Amino acid sequence: MNIRHRPRKRFGQNFLSDRNIVAKIIQALGAGPQDHVIEIGPGQGVLTGELLASAASVNAIEIDRDLVSMLQQKFAVMESFTIHESDVLKTDFNTLLSAQNPVRIIGNLPYNISTPLLFHLLAYLHGIKDMLFMLQLEVVDRLVASPGTKNYGRLSIMLQYFCQIEKLFTVPPGAFSPPPKVHSAIVRLIPKTSDQLVLQNPVTLEKLVRQAFSHRRKTLRNNLKGLLSDEELSALNIDPGLRPENLSLEDYVRISTHLEDKDG
Ligand code: SAM
C-alpha cells in the first residue's frame with residue numbers, strides 16, 4: 001500500500017499483521033469457487049485479497065471512507081469484488097443475500113460493535129450459510145458458555161438458539177497492529193435449519209430471557225413476576241428458586257412454548 005493509513009480508534013481498527021493467523025483464518029473458512037462471501041470491516045484488505053483468490057465473489061462492507069477508496073484502488077482489476085461504504089449495523093443484508101445460494105460471512109470485527117452486530121445478523125440467517133468471526137475472547141466465551149457459568153447469559157442463549165457455535169482458536173494481541181488491550185478468538189456460527197427452531201416466534205424467547213436476566217443475582221420467581229407464576233414454573237419442571245443462569249436453553253425454550261400457548 002503506498003498511502004499510510006493512521007488506525008482510527010473509534011472504528012476499532014486493529015489490523016491483522018500476522019500472516020500465519022491470516023492463513024489460519026482463511027483455511028478455517030475454506031471458501032471455494034462456488035462461494036459468495038461477505039466481509040465485514042475489510043480494513044486494509046489483508047483477508048480480502050486471500051478471499052478474492054478463492055471465492056466466486058466478495059462483497060465488503062466498510063465504514064471508513066479512506067479505506068474504501070484504498071480498497072477500490074487496490075482491487076480495481078477484480079471483477080468479483082464489490083465494496084459498500086456503509087455502517088454494517090445499518091446495512092440491510094437482504095440486498096446482498098440470495099435464497100438459492102446462502103452467503104458465507106467473515107470478519108475481523110470491530111470490538112465495540114460486535115454484540116449489536118451479532119443480534120443484527122439474527123434477522124438474516126435464512127440467507128447465511130455460516131459466519132466466521134474474530135471477536136474479543138470474552139465475547140466468544142460468552143457465546144459458547146454453558147449454564148451455571150459466569151459467562152452464560154442473554155447472548156449465549158439467543159445465539160445458541162439460532163446457531164451451532166464453535167470456538168476455533170485464540171489470537172494474542174501481538175498479531176495486530178496496533179495491538180488491542182485484550183485477547184481475541186475465532187468463532188464459527190452455523191445457522192440452524194428451520195426444523196431445528198421449534199418456536200413460532202423467537203421474540204417470546206428474547207423477551208423472556210431479557211426479563212429473566214434483568215437481575216442476575218435474583219431468583220426466577222422475582223425476575224419473572226408478572227409473566228409466570230410459581231405454579232406455572234413448577235408445572236414446567238422448573239424450580240422458581242433458581243437463578244437465571246441455572247436454566248438450560250431447552251428450559252428457556254420450554255417456558256417460551258408455554259407462553260406462546262398461553263397467548264394463543
Ligand atoms: N479486516 C481487517 C484486518 O483484519 O486487518 C480490519 C479489521 S479492524 C478490527 C475492523 C474494521 O471494521 C476496520 O476496517 C473498521 O474501519 C471497520 N468498521 C468499524 N466499524 C464499522 C461499521 N460500523 N461498519 C462497517 N465497518 C466498520
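In each ligand, atom 1 is the first atom listed, and ligand 1 is the first ligand listed. Only a predicted model underlies this, so the values are computations on that prediction, with no experimental measurement involved.
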Colleague: If we count only N and O atoms by modelled type, under 3.5 Å, do the side chains of His5 and Asp66 hold a donor and an acceptor together?
Modeller: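 Short answer, no.
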Colleague: Whether the Ser256 and Thr204 side chains hold a donor-acceptor pair (N or O, under 3.5 Å, no angle test) is what I'd like checked.
Modeller: no
Colleague: Would Lys150 and Glu245 count as a salt bridge (Lys or Arg N to Asp or Glu O under 4.0 Å) if you check the C-alpha gap in whole Å, the side-chain angles of each, and the deciding distance to 0.1 Å?
Modeller: CA-CA 8 Å; Lys150 73 171 181 2; Glu245 73 258 31; over 6 Å; no
Colleague: Above 12 or not: heavy atoms from other molecules or residues under 6.0 Å from NZ of Lys192?
Modeller: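 More than 12 within 6.0 Å, yes.
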Colleague: Between Glu62 and His84, do the side chains contain a donor N or O and an acceptor N or O under 3.5 Å apart?
Modeller: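 Distance-only check fails for His84 and Glu62.
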Colleague: For ligand 1, which atoms have a heavy atom of Pro42 less than 4.0 angstrom away?
Modeller: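 Counting atoms of ligand 1 from 1, those under 4.0 Å from Pro42 are 1 (N), 2 (C).
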Colleague: Which atoms of ligand 1 have any heavy atom of Val46 under 4.0 Å away?
Modeller: 3 (C), 4 (O), 5 (O)
Colleague: Does the Arg104 side chain pair with the main chain of Leu29, one donor and one acceptor, at a distance under 3.5 Å?
Modeller: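 Checked: pair present.
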Colleague: Looking only at distances, can you tell me whether any N or O atom of Leu67, backbone or side chain, sits closer than 3.5 Å to an N or O atom of ligand 1?
Modeller: no
Colleague: Give a yes/no on ligand 1: does Asp87 have at least one heavy atom closer than 4.0 angstrom to it?
Modeller: yes
Colleague: Which protein heavy atom lies closest to atom 3 (C) of ligand 1, and at what distance to 0.1 Å?
Modeller: Asn108 ND2, 3.5 Å
Colleague: What atoms in ligand 1 come closer than 4.0 Å to a heavy atom of Glu39?
Modeller: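 Listed by number with element, the hits are 1 (N).
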Colleague: Can you tell me if Ser86 has a non-hydrogen atom under 4.0 Å from ligand 1?
Modeller: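 In this structure, Ser86 qualifies as a contact of ligand 1 - some heavy atom is under 4.0 Å.
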Colleague: How does Ile63 reach ligand 1, if at all, at less than 4.0 Å between non-hydrogen atoms: by side chain, backbone, both, or neither?
Modeller: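 Both backbone and side chain.
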Colleague: Any salt bridge between Arg254 and Glu250, counting N to O under 4.0 Å?
Modeller: no
Colleague: Any nitrogen or oxygen of Val88 lying under 3.5 Å from a nitrogen or oxygen in ligand 1? Just yes or no.
Modeller: yes
Colleague: Do any N/O atoms on Glu62 end up under 3.5 angstrom from N/O atoms on ligand 1?
Modeller: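 Between Glu62 and ligand 1, an N or O pair is found under 3.5 Å apart.
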Colleague: Passes side-chain contact (heavy atoms from CB on, under 4.5 Å), Tyr161 versus Leu205? Steps please.
Modeller: CA-CA 9 Å; Tyr161 174 72; Leu205 177 68; 3.6 Å; yes
Colleague: Return yes if a side-chain donor-acceptor contact under 3.5 Å exists between Ser57 and His36, otherwise no.
Modeller: yes
Colleague: Return the closest protein heavy atom for atom 19 (C) of ligand 1 as residue, atom name and distance.
Modeller: Phe11 O, 3.0 Å
Colleague: So for Met134, does at least one of its heavy atoms come nearer than 4.0 angstrom to any atom of ligand 1?
Modeller: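 Not so, Met134 does not reach ligand 1.
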Colleague: May I ask you to check if ligand 1 and Gly41 share an N or O to N or O distance below 3.5 Å?
Modeller: yes
Colleague: Quick one: does Asp251's side chain get under 4.5 Å of Asn237's, heavy atoms only?
Modeller: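 Of all side-chain heavy-atom pairs linking Asn237 with Asp251, none is under 4.5 Å.
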Colleague: Is the closest N or O pair between Asp64 and ligand 1 shorter than 3.5 Å?
Modeller: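 Among all N and O atoms of Asp64, none is under 3.5 Å from an N or O of ligand 1.
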Colleague: Among Gln13, Arg8, Arg65, whose heavy atom sits nearest atom 13 (C) of ligand 1?
Modeller: Gln13
Colleague: Is there a donor in the side chain of His126 and an acceptor in the side chain of Asn94, or the other way round, less than 3.5 Å apart?
Modeller: yes
Colleague: Can you list the ligand 1 atoms lying under 4.0 Å from a non-hydrogen atom of Gly12?
Modeller: 8 (S), 9 (C), 10 (C)
Colleague: Could you go through the side-chain contact (heavy atoms from CB on, under 4.5 Å) check for Val140 and Thr170 one step at a time?
Modeller: CA-CA 10 Å; Val140 173; Thr170 56; over 6 Å; no
Colleague: Can you pull out the closest protein heavy atom to atom 5 (O) of ligand 1? Residue, atom name and distance to 0.1 Å, please.
Modeller: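 Of every protein heavy atom, Leu16 N, 2.9 Å lies nearest to atom 5 (O) of ligand 1.
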Colleague: Which heavy atom of the protein is the closest neighbour of atom 20 (N) of ligand 1, given with residue, atom name and distance?
Modeller: Pro110 CG, 3.6 Å
Colleague: Side chain or backbone of Ile40 under 4.0 Å from ligand 1, or both, or neither, by non-hydrogen atoms?
Modeller: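 Neither part.
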